[in-house]
Amino acid sequence: MKERYEFSLIEKKWQKKWAEDDAFKTVEDENKKKYYVLEMFPYPSGKLHMGHVRNYSIGDVVARFKKMDGYNVLHPMGFDSFGLPAENAAIKNGTPPADWTWNNIHEMEDQLAELGLSYDWKREVCTCHPDYYRWMQWIFIQFYKKGLAYKKENPVNWCPGCQTVLANEQVVDGECERCGSAVTKKNLSQWYLKITDYADRLLENLDNGKLDGWPSKVRIMQKNWIGKSTGCEVQFKVKDSDEIMTVFTTRVDTIYGTSFMVIAPEYPTLLKNVEGTEYEAPVKEYIDKVNHMNEIERTSTTNEKTGVFIGKYAINPFTGKEIPIYTADYVLMGYGTGAVMGVPGHDQRDFDFAKKFGLEILPVVDPQDPEVDVNNLKEACAAKGIMINSGEINGMKSEDAIPYMINKAEELGIGKKTINFRLRDWLISRQRYWGTPIPMIYCDDCGWVPEKEENLPVLLPTDIEFTGKGQSPIASSKTFVNTTCPCCGKPAKREIDTMDTFLDSSWYFLRYTDPKNDKEVFNKKKADYWMDVDQYIGGVEHAILHLMYARFFTMALHDLGLVDVEEPFKNLLTQGMVNKDGKKMSKSLGNVVSPAEIIEKYGADTARLFILFAAPPERELDWSDDGVDGSFRFLNRVYRLVYEFVEKYGQGTDEFEIKTKDDKNLNYVLNQTIKKVSEDVGGRFAFNTAISSIMTLVNEIYKYKELPNAQVGLLTTAVKKLIVVLAPFTPHICEEMFEHMGNTTSVHNESWPTYDEKALVMDTVEIVVQLNGKVKEKLDVENNLSREELEKQALEADSVKALLEGKQVIKVIAVPNRLVNIVCK
RNA sequence: GCCGGAGUGGCGGAAUUGGCAGACGCACAGGACUUAAAAUCCUGCGAUCCUUACCGAUCGUACCGGUUCGACCCCGGUCUCCGGCACCA
């Protein structure tokens, strides 16, 4: 070890050694407790950013700590390597997507290596590799066989920028989450996965304790996304017709206040109902107008209500009243039945609509609120209350009227209790090239048939022209499309769409448990040994999409008998963003700090230390160049401490005896630090406070070593343990210092140190004396004094007596080892 | 609109169960070492007031109020910021 801290040499030296020794290889071991720590694998854009560094630094500390703490740790890494950017590069530069992607993967592997992360690279998984997507296709076929995958024509979200369809979850505020184009609707025949079959289970597990290790924020977001609502379907007859229109409502109690009905412009019988009437032209015109709106326009809540009367009336089954039927775009075909009953008194949308079209507003719930005049409503009153104008349910509480009316509707055979979910089935077809081919074949005689499993993988063709326009680029392949039917052997055509890349990332954590298996998707025994993931770490932006898809996949695979667990991630940590000057790092703002630059200037250990120290992991972190300097200074300070120690004492000695107050103090701080780091890293992931306590220890060692009666043995112990507890955070420098202290093994194979309870008990403690809750005095008293004894000693202390002079003591509260509060006047 | 979360020095943050607010670090200021600089080391660092100084006093965790011997922490209300959902009947 040199006198100066030359991080670059040190980091290269140990990275090489770890690679040569295969230091982080993991194998199943039934005799050891397993721990699976996983960071969300990256898309191989080619460059690591600070968000990655933060994500992987957190994971690495946990992995290294758990390993030292005696666990059999699985800590793998891979690449989510299908996706649009590779294809865009092909359009722009003519580089084949595969070449572009593999180049990027190799660059990112190098960058990850520079961070000194403890991955078992033998388990690397890349989703664009045929060894992986072969099993992706296999899973799809199992889903298809179980009825979980189906093809259907539907109005779907279409992104004109990416020239592909999108899942509901990928449409954000009416825009494509990737490119920001306004999303439009298109009628297309597409593949779906039946995630709605799992809606109830996905929802239930959010609240039944299975996901208690998740941030409640994420659970609430998923809950809202699934959006369960319990209500009632009620049938309305259409006047002078055999047709029945069924509405869905959560407020069947208000049915007596229905003054109109609205159906969606896509309602299947709408055109038939107006055919040949004077209403045909205006209705068609309206539908046409709606079809030309994009999602942003159509779903804007600030829009004034629009709609047209369709010339028909429905009959309220409870009152017999005839009500006009309208079509309006505020009613969505995709939710409920596509028809609603209009109760303007108690639903704001219906209120707005009634005002616009001059329809009757009949109050049926009295909220018993002096501020609300029910007979002259200024806005809809959604509050609960007492039923009025509602026939036999008058006087009932509205919350009691709901079950009563559901019951009644069921008895009369005109309705039933219904549960609706906001969650829709997952549209997984993409009109793109760089993704897993959907392994389905269309035969004129047999229809859609899955490829035979022994023929998997269905390889991506390479004779492709990339234009960025039209249908899937795969259509341009001369070799791919034509095949024979796996069922009857006649000529048939392959599906040319590929899968949404979110499928690839929905089960990669399972493949890590058995990544090289070419006989099965993964071995059940291995998967059952490692699963579930004990700690999953990644950005909160995946709270809904990835995390819900992965949960769905795991449940479905569980149901197929492939794995025991049904929830994949026991604990979830959502890390905050890395900002600069309070703003998101971005090229356009020119405030991007590149990890490569920082590593070159300060080394990976400093980068890791700073990023873990600057803020708690789940919070946003503001990058500070000065702060990085501080972390660098600290590592230099530790380095110097060890260097000077060895210069002076060689390997030192382990033997010591606690004699002086200073000995006792250093030993206390040492044990306190071990305790604090163990709890902060092992329990609550407070890496910032763990590091601050290590800094305190270093400060104390510096003070102690200058004392004339400092003991070499105690000093040696403190320095050695310091290196060990710091090792998970800054692995290279600690390895170097550990070696310099005379060790021939790796510091990362050390057992995590335990602390001595006895060392944490001081002879005396400082307690606070308060007068009426205000601190006035501090006293050193014997440790663990009883309440009574503490009170007695405090009142007898001269300084306290002086304070109380001329005052009358009313009450004394004594808390052992903490304080005495004297209430007086 | 609905549902979450947050608000603490000049800055990042700490206070884990209602018990000394501001740990640790950054920045800044002063000093030591040095021919000088860097590096390093030492000291100070919430506000206001008092005092020559030491000592001390009062206020202070977004704002207003409450509970309590005692509140950054619990309760009620208000404001601001951030995130999610949103014409889902």
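Reckoned from all heavy atoms, side chains included, excluding hydrogens, waters and symmetry mates. Naming convention: chains lettered A, B, ... in sequence-line order (proteins, then strands); numbering from 1 in each chain.
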Partner set under salt bridge (Lys or Arg N to Asp or Glu O under 4.0 Å) for A/D629, not counting sequence neighbours: none
Please write out each protein N/O paired with an N/O of nucleotides 1-12 of chain B under 3.5 Å, distance rounded to 0.1 Å.
| residue | atom | partner | partner atom | Å |
| --- | --- | --- | --- | --- |
| B/G12 | O2' | A/A614 | O | 2.5 |

Any donor-acceptor N/O pair under 3.5 Å between B/C69 base and A/N821 side chain: yes
Sugar-phosphate only, base, or nothing, as touched by A/R424 at under 4.0 Å among non-hydrogen atoms: base
Identified stems (criterion: three or more consecutive Watson-Crick or G-U pairs, under 3.5 Å), RNA chain B: B:1-7 with B:79-85, B:10-12 with B:24-26, B:28-32 with B:40-44, B:46-49 with B:56-59, B:62-66 with B:74-78
Non-neighbouring partners of A/H546 that pass side chain to side chain donor-acceptor pair (under 3.5 Å), sequence neighbours left out: A/Y536
Atom-to-atom span, CD of A/Q770 to C1' of B/U68 - whole angstrom: 13 Å
Which donor-acceptor pairs under 3.5 Å do the side chains of residues 811-820 of chain A make with protein atoms, sequence neighbours left out?
| residue | atom | partner | partner atom | Å |
| --- | --- | --- | --- | --- |
| A/N817 | OD1 | A/N784 | N | 3.0 |
| A/N817 | ND2 | A/N783 | OD1 | 3.2 |
| A/N817 | ND2 | A/N784 | OD1 | 3.0 |

Side chain to side chain donor-acceptor pair (under 3.5 Å) partners of A/N291, counting only residues at least two apart: none
Could you list, one pair per line, each protein nitrogen or oxygen that sits under 3.5 Å from a nitrogen or oxygen of nucleotides 41-43 of chain B, together with the distance?
| residue | atom | partner | partner atom | Å |
| --- | --- | --- | --- | --- |
| B/C41 | OP1 | A/R637 | NH1 | 2.4 |

Residues in salt bridge (Lys or Arg N to Asp or Glu O under 4.0 Å) contact with A/K675, at least two apart in sequence or another chain: none
Rounded distance (Å) that lies between atom P of B/C24 and atom CZ of A/R633: 15 Å
A/D350: partners by salt bridge (Lys or Arg N to Asp or Glu O under 4.0 Å), with sequence neighbours left out: none
Please table the atom pairs, donor to acceptor, closer than 3.5 Å between any side-chain atom in residues 680-694 of chain A and protein atoms at least two apart or in another chain.
| residue | atom | partner | partner atom | Å |
| --- | --- | --- | --- | --- |
| A/D680 | OD1 | A/R684 | NE | 3.1 |
| A/D680 | OD2 | A/K676 | NZ | 3.1 |
| A/D680 | OD2 | A/T689 | OG1 | 2.6 |
| A/D680 | OD2 | A/A690 | N | 3.4 |
| A/R684 | NH2 | A/T689 | OG1 | 3.3 |
| A/T689 | OG1 | A/A686 | O | 3.1 |
| A/S692 | OG | A/T689 | O | 3.0 |
| A/S693 | OG | A/A690 | O | 3.0 |

Residue-phosphate contact under 4.0 Å: A/R818 side-chain N/O, B/G70 OP1/OP2: no
Salt bridge (Lys or Arg N to Asp or Glu O under 4.0 Å) involving A/K356 - partner list, sequence neighbours excluded: A/E304
Sequence-distant partners of A/E541, side chain to side chain donor-acceptor pair (under 3.5 Å), two or more places apart: none
